[in-house]
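What you see below is based on every heavy atom in this structure, not just the backbone, and it leaves out hydrogens, waters and symmetry mates. In listed order, ligands and their atoms are each counted from 1. Owing to the predicted nature of the structure, the values given are computational and were not obtained by experimental measurement.
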Amino acid sequence: MEKDEVKIAWFGKHQGEEPPLVGMNAGAGGIFFSQCHLRCVFCQNYQISQENLGEEYTIEELAKIMLDLEKDGAVNIDLVTPTIWWKQIKEAILLAKKSGLTLPIVWNSNGYESIKILKEMEGLVDIYLPDFKYGDDEVGFKYSGIKKYSAVALQAIKEMLRQVGYFKTDQNGIGKRGVIVRHLIIPNNIDNSLRALQILTDLDNNLHISLMNQFNPLYKAKQFPEVNRILSAEEFNLVYKHLLDLGFYRGWIQDPESAKFLVPDFTKKDPFNL
Ligand code: SF4
């Protein structure tokens, strides 16, 4: 693997993001990068994040992928798990913009980011779409093998807000700029979710929150019996009620059925067309 290359598992238009990021079914311009600096035991993208499925592309090829997605009618460039490739991605965005790329750039990440990298991306990323996975750092260490997740991710989200502000759409409801924070509820870990939302409300409850109930016991989840199932409706309702009680009123919740159909298979040519 050369320094001026990235590893990509799949790219193309896809529907698996929040409504303003897929624009009335036009599709997000997804680019799914291989590898991830977290090790989530329940990762639904484990084929690419942990098993490193994917192929190498040069910076020039990545810029062309972005331009082709724009030509193909995507409403944004949705960089999925981009963090470890930030240097090459930065070069590719600059190159694509020089060649006429106008789509908003979405930084779709796990939230565990360094401020240094975020500052490097300032002015190039339009929409930050971070996770805020853990309010309880012990839970973060247990399931993702990382320390101090909540403090690191909180500082990252603050920096993202400073750069692009609250989430905004154009007159057609298509996302143009701002921050959306995602939180995935983990079965039998409701206190972790309640704490995560409390931390976020202490930051700013005008944030757009995407509350996700797509938890699927994939990858190594069976080694952790307490998370080896999908989320119950009771668990979801408890967290959702807490979200509303805390005054969050902007954002989205997922269809409870989504756990069944949002799991991609990256061994297939079209991972989302199962
Ligand atoms: S952060 Fe996301 S992509 Fe990375 S291992 Fe965890 S669930 Fe998978």
Side-chain angles (χ1 to χ4, degrees), residues 6-11 14 16-18 21 28 30-54 78-86 89 106-114 117-118 121 127-157 160 179-189 192-193 196 200 209-224 226-231 254 258-259 261-267 271-272:
V6 292
K7 197 167 180 186
I8 297 172
W10 183 79
F11 56 88
H14 76 112
E17 311 293 20
E18 287 71 7
L21 301 182
I31 305 176
F32 288 71
F33 293 91
S34 298
Q35 303 174 27
C36 178
H37 56 300
L38 264 56
R39 295 274 173 271
C40 306
V41 297
F42 43 71
C43 180
Q44 68 166 20
N45 289 351
Y46 67 94
Q47 293 164 320
I48 62 175
S49 69
Q50 310 301 315
E51 295 175 353
N52 302 340
L53 216 72
D78 179 19
L79 305 167
V80 184
T81 326
T83 307
I84 64 167
W85 305 105
W86 70 270
I89 291 172
V106 181
W107 189 261
N108 183 342
S109 79
N110 57 40
Y112 196 73
E113 310 265 12
S114 80
I117 292 177
L118 293 174
M121 300 311 295
I127 298 172
Y128 282 106
L129 182 61
D131 294 332
F132 191 67
K133 291 175 176 295
Y134 303 112
D136 181 335
D137 290 341
E138 282 183 21
V139 179
F141 187 68
K142 183 176 184 186
Y143 297 133
S144 295
I146 34 148
K147 291 183 179 166
K148 299 185 181 166
Y149 176 90
S150 60
V152 172
L154 187 66
Q155 289 310 313
I157 292 169
M160 293 170 183
V179 177
I180 300 172
V181 178
R182 284 176 163 171
H183 177 72
L184 173 70
I185 310 167
I186 305 170
N188 276 319
N189 282 278
N192 172 62
S193 289
L200 288 173
I209 304 288
S210 182
L211 191 60
M212 309 179 83
N213 59 3
Q214 72 180 69
F215 186 93
N216 224 317
L218 294 169
Y219 191 42
K220 296 182 179 169
K222 58 175 130 357
Q223 295 172 19
F224 298 81
E226 74 281 8
V227 301
N228 194 23
R229 63 166 170 84
I230 62 168
L231 197 71
Q254 276 181 316
S258 53
F261 61 80
L262 280 182
V263 180
D265 181 353
F266 288 95
T267 62
F272 296 93

**Report entry** Any donor-acceptor pair under 3.5 Å from Lys7 side chain to Asn52 backbone
**Finding:** yes

Requested in this report: Mind jotting down which protein residues get a heavy-atom contact under 4.0 Å with ligand 1? Chain and number order, please.
Outcome: Cys36, Leu38, Cys40, Cys43, Ser49, Gln50, Asn110, Lys133

**Report entry** Geometric class of the Phe32/Phe272 ring pair [parallel <30°, tilted 30-60°, perpendicular >60°]
**Finding:** tilted

Query raised in the report: Are any side-chain N or O atoms of Ser34 and backbone N or O atoms of Leu53, one a donor and one an acceptor, separated by less than 3.5 Å?
Result: yes

Query raised in the report: So Trp107 and Tyr128, would you call those rings parallel, tilted or perpendicular, with 30° and 60° as cut-offs?
Result: perpendicular

**Report entry** For Phe224, ring-ring contact (aromatic ring centres under 6.0 Å, His included) partners two or more places apart
**Finding:** Tyr143

Requested in this report: Spell out, as yes or no, whether a donor-acceptor pair under 3.5 Å connects the side chain of Asn110 to the backbone of Tyr112.
Outcome: yes

